[in-house]
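Report on the structure given below.
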Protein chains: 2
Amino acid sequence: MQLHKRDVVDAATTLLDNYGMADLSMRRLARELAVSPGALYWHFANKQQLLGAVADRILGSIHDVPGDWRVRVEAICDQLRDALLSHTDGAELVSASFAAGQSEAMTQILGWLADAAIAAGVDTGHAVTAGRTVLYYVLGFTADEQSRLQWDAAGADLPDEQSVLGADPSRRFGFGVQLLVDGIAARRSLPV
Amino acid sequence: MQLHKRDVVDAATTLLDNYGMADLSMRRLARELAVSPGALYWHFANKQQLLGAVADRILGSIHDVPGDWRVRVEAICDQLRDALLSHTDGAELVSASFAAGQSEAMTQILGWLADAAIAAGVDTGHAVTAGRTVLYYVLGFTADEQSRLQWDAAGADLPDEQSVLGADPSRRFGFGVQLLVDGIAARRSLPV
DNA sequence: ACCTGAACACCGTTCAAGT
DNA sequence: ACCTGAACACCGTTCAAGT
């Protein structure tokens with residue numbers, strides 16, 4: 001039967017979850033779908049575009065919430081981190097797709113964050129930069145967290161840094177989010 | 001004559017500057033040095049380690065400065081951005097090396113930023129997170145800026161966004177740095 | 001419209017064997 | 001100690017030709 005974009009993204013996500021980014025190749029994916037590698041290029045212009053579609057799938061359930069701008073920023077950050085952590089190499093894949101401008105979902109999320117920054121009082125010329133700053137943090141922090149998690153899961157048992165102090169990733173993540181929220185609050189332009 | 005680590009890093013940097021990351025392969029590098037690909041593996045364990053050495057070369061001239069913690073953070077951010085922008089795909093390469101934990105220079109810079117955060121009054125358990133937050137921003141912002149710059153230089157002439165408002169990368173960069181500095185200032189723990 | 005088969009031009013890494 | 005040669009096991013992408 002026919003191959004649909006949906007099937008390809010499904011198979012790619014499964015491959016990612018089970019084997020990680022290194023094994024998410026066009027050839028491997030084609031083999032899994034029992035088609036020739038060339039078949040994928042009928043549905044996607046190139047690998048980047050396909051990865052963008054996987055990123056959008058990973059981010060599919062993230063939504064903006066009503067309320068105070070601080071609550072909105074915190075909610076978006078938490079949802080984003082959770083979504084990334086629930087797929088092998090999720091942060092790495094979404095980072096790459098965002099950098100390549102291939103994820104519509106990330107563009108939408110950036111819009112929400114810029115919106116929240118405006119609600120906070122940041123001037124429109126800087127709101128997108130504020131939003132990007134938040135995204136760079138969530139992607140960077142989570143990619144780092146995830147690579148350590150996956151290393152540990154692979155039975156590495158590395159010495160847990162200075163233990164105690166730097167513990168609890170969720171709390172450390174929250175600290176960074178608060179730093180950014182306070183920074184946004186401080187960058188509000190004075191009322192005219 | 002003999003191949004030294006220095007020669008390899010030199011050639012790799014030249015290759016990067018002239019053709020970008022996509023062409024910085026072990027095989028291409030070996031060809032440029034007129035040795036067999038296997039020869040590189042006598043001097044470097046793998047490609048990641050070699051890229052880490054290139055990253056350290058790119059970041060070689062960055063230094064900490066004396067003075068107020070705000071000045072230190074700003075100076076480090078500016079130096080880092082300048083260093084990244086002065087090599088083709090510099091931000092992408094250093095990002096990858098930092099994520100892989102292969103750049104000693106980045107580890108040192110992170111130390112300086114964490115130090116500055118402590119000087120600002122952030123408690124020691126969160127200082128490294130504060131430092132990482134700054135680094136994620138500089139790397140993310142500069143990678144984005146650089147990819148646009150290189151696209152433009154390749155004769156793309158894309159519509160300049162909403163013009164005027166979002167212009168001047170240096171000013172936008174400074175806005176984000178100030179956001180982070182203010183965020184750090186706000187996260188100082190109350191004196192005991 | 002959708003896919004195959006085969007090719008093109010590459011990769012990173014390993015390792016016996018040479019000097 | 002340092003490097004070659006050759007192999008192993010792959011890549012992403014294109015495109016004539018088929019149905």
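Just so you know, these numbers come straight off a predicted model, no measurement behind them. Letters A, B, ... are given to chains in the order of the sequence lines, protein chains preceding strands, and every chain is numbered from 1.
- Look at W42(A) and you'll find a side-chain N or O under 4.0 angstrom from OP1 or OP2 of dC2(C).
- The CD atom of Q48(A) sits 13 Å away from the C1' atom of dT13(D) (whole-angstrom rounding).
- Of the inter-residue distances, the one linking Q146(A) atom CD with F141(A) atom CZ reads 12.0 Å to the nearest 0.5 angstrom.
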Show your reasoning for whether side-chain contact (heavy atoms from CB on, under 4.5 Å) applies to V9(B) and F44(B). CA-CA 11 Å; V9(B) 177; F44(B) 299 90; 4.1 Å; yes

Atom pairs under 3.5 Å, N or O on each side, protein against nucleotides 16-19 of chain D: can you list them with distances?
none

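- Residues H43(B) and M26(A) each lie close to DNA chain D; by heavy-atom proximity, the contact nearer the 5' end of the strand is made by H43(B).
- At distances below 3.5 Å, at least one donor-acceptor pair connects side-chain atoms of S86(B) with backbone N or O atoms of A83(B).
- Summarising the geometry, the separation between CG on L40(B) and C1' on dG12(C) is reported as 11 Å, rounded to the nearest angstrom.
- Distance NE2 (H4(B)) to P (dC2(D)): 8 Å, rounded to an integer number of Å.
- Distance noted for atom C1' between dC2(D) and dC15(C): 14 Å (whole Å).
- Under 4.0 Å is where a charged nitrogen must lie from a carboxylate oxygen, and between R57(B) and D10(B) at least one such pair does.
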DNA chain C base-pair string [pairs: Watson-Crick or G-U under 3.5 Å; |: paired with another strand]: ||.|||||...|||||.||

Evaluate the side-chain contact (heavy atoms from CB on, under 4.5 Å) criterion for residues D182(A) and R70(A): first the C-alpha distance (whole Å), next the side-chain angles of each, then the deciding distance (0.1 Å), finally the verdict. CA-CA 9 Å; D182(A) 287 339; R70(A) 293 174 197 264; 3.9 Å; yes

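- Panel note: side chain H43(B), backbone V8(B); no donor-acceptor pair is recorded below 3.5 Å.
- Taking atom P on both dC10(C) and dA9(D), the two are 23 Å apart, rounded to the nearest angstrom.
- Side chains of S103(A) and D56(A): a donor-acceptor N/O pair is present below 3.5 angstrom, by distance only.
- Ring geometry for Y137(B) against F173(B) counts as parallel: the plane angle stays under 30°, on a 0 to 90° scale with 60° as the upper cut.
- One can place CZ of F44(B) at 13 Å from P of dC2(D), the figure rounded to the nearest angstrom.
- Of all nucleotides listed (dG12(C), dC3(C), dT13(D)), dT13(D) comes nearest to the side chain of K47(A).
- Other residues, nucleotides and ligands place no more than 12 heavy atoms under 6.0 Å from the CD atom of E104(A).
- In this structure, CG of L29(A) is placed 11 Å from P of dC11(D), rounded to the nearest angstrom.
- Counting only N and O atoms by type, the side chains of Q150(B) and D89(B) include a donor and acceptor under 3.5 Å apart.
- Rounded to whole Å, the distance from NZ on K5(A) to P on dA1(C) is 15 Å.
- One interatomic measurement links the two molecules: CG of L33(A) to P of dC2(C), which rounds to 16 Å at whole-angstrom precision.
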Reading 5' to 3' through nucleotides 4-10 of chain D, protein heavy-atom contacts under 4.0 Å coded B for base, S for sugar-phosphate only, - for none: BB-B---

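- With rounding to the nearest 0.5 Å, the separation of CG in L33(A) from CZ in R31(A) is 11.5 Å.
- Contact check for T129(A) versus L179(B): no side-chain heavy atoms found under the 4.5 Å cut-off.
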